[in-house]
Amino acid sequence: MQLTQSSVGRKIIMAVTGIVLVAFVCVHLLGNSSLFFGADAINAYAQKLHSLGPFVWVFRLVMLAAFAIHIVFGIQLTLENRAATPEANVQVKRLRTGFGAETMIISGLVLLAFVVYHLLHFTVRVTNPEIYVPLGSSGMVDVYVMMVKGFQSVLPVIIYLVGMAFLFLHVSHGFQSLFQTLGLSNDKSLPVMGTTSKLVGFVLLVGYISIPLLIVAGLFKI
Ligand code: HEM
């Protein structure tokens, strides 16, 4: 299929915003991992973040813009692709690009739903009033208690596991795809990029699901 100049431009912007989003999920996983060092460590990390004041809001706005652009362009490009793909070629295209590539729009939209739920659960803090307790007189919520109690009921754990499975699916194709879009891979390096991409997705999957699973296993006490 012939790509128009504007769709090439949008693909490049999707690749750049994709890098910003992957960087965020890697840094967020590292931050969340302070839970493994105990209640004081995760609460100190949360307190440090909140003490950054206006910088937190600048960061949030940049992330929100990257996320919104990535979603809008992703939907537009998918609709354009579908309109331009003759029915007879659908099977050929699937064979060439694979399951991860064909389901990018679905995994992306599931991730959007996950992020909305996640923000309501841990940032806006409205879904489970019983898990939000104050951290002494600091004026902050006890993030350790929130995380441990937050994963003591079945529904949130299932939602996070499903969300992380889709994160794996999305990143393990998207990471490789962004290098292709930016012209940073060729026929020779493509298989290496494919493997690296799956590895990044797998590390994120294992890292993120280990938190609810270890909490369910009773490793963290309140
Ligand atoms: C097991 C998986 C995860 C856990 C346990 C977790 C934990 C948390 C916690 C505790 C907060 C609130 C921090 C605070 O206010 O002090 C938070 C915020 C957030 N998380 Fe996650 N997270 C997970 C996965 C993800 C994923 C996969 C994404 C993105 C796809 C994500 C995106 C966000 C965003 C955007 C925020 C808001 C940051 C802000 O306040 O500016 N999280 N997460």
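This structure is a prediction, so every number in the text was calculated from the model and none was measured. Counting convention: from 1, in listed order, for ligands and their atoms alike.
When non-hydrogen atoms are compared, ligand 1 lies under 4.0 Å from the side chain of Val115 (C-beta onward) but not from its backbone. Contacts with ligand 1 closer than 4.0 Å are made by side-chain heavy atoms of Val25 only, the backbone lying farther away. Contacts between Val56 and ligand 1, counted as non-hydrogen atom pairs separated by less than 4.0 Å, are absent for every part of the residue. Of the heavy atoms in Tyr208, both backbone and side-chain atoms come closer than 4.0 Å to ligand 1. In Arg125, the part holding a heavy atom less than 4.0 Å from any atom of ligand 1 is the side chain. When non-hydrogen atoms are compared, ligand 1 lies under 4.0 Å from the side chain of Phe24 (C-beta onward) but not from its backbone.
In terms of protein heavy atoms, atom 39 (C) of ligand 1 is closest to Arg60 NE, 3.3 Å. Atom 27 (C) of ligand 1 has its closest protein heavy atom at Met164 CE, 3.4 Å. Residue, atom and distance of the protein heavy atom nearest to atom 5 (C) of ligand 1 are Met147 CE, 3.6 Å. Counting protein heavy atoms only, atom 36 (C) of ligand 1 is closest to Leu119 CD2, 3.6 Å. When hydrogens are left out, the protein atom nearest atom 26 (C) of ligand 1 is Phe114 CE2, 3.7 Å; that is the closest non-hydrogen contact.
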Handout entry: Check against side-chain hydrogen bond (donor to acceptor under 3.5 Å, both in side chains), Thr78 and Asn81
Key = CA-CA 5 Å; Thr78 305; Asn81 254 336; 5.9 Å; no
Practice task
Mind running side chain to side chain contact (heavy atoms under 4.5 Å, CB included) on Leu205 and Leu167 for me, showing each step along the way?
Solution key: CA-CA 7 Å; Leu205 173 72; Leu167 177 69; over 6 Å; no
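In terms of heavy atoms, Met63 sits closest to Leu21 at CE-CD2, 3.8 Å. Heavy atoms only, all atoms of each residue included: His121 and Tyr160 are closest at ND1-OH, 2.8 Å. Nearest heavy-atom pair across Glu80 and Ser7 is OE1-CB, 3.7 Å. Between Met140 and Gln47, the closest heavy-atom pair is SD-CG, 3.1 Å.
Within the structure, ligand 1 has His50 among the residues with a heavy atom less than 4.0 angstrom away. The shortest separation from a heavy atom of Met63 to ligand 1 is not under 4.0 Å, leaving the residue out of contact.
Ring to ring, Phe175 and Phe179 are close: their centroids are under 6.0 angstrom apart.
Relative orientation of the Phe24 and Phe59 rings is tilted, given thresholds of 30° and 60° on the angle between their planes. Between His118 and Phe114, the angle of the ring planes stays under 30°, which puts this pair in the parallel group of the 30/60° scheme.
Closer than 2.8 Å to atom 21 (Fe) of ligand 1 sit the protein N, O or S atoms His28 NE2, His118 NE2.
Around the CZ atom of Phe36, the shell of radius 6.0 Å holds more than 12 heavy atoms that belong to other residues, nucleotides or ligands.
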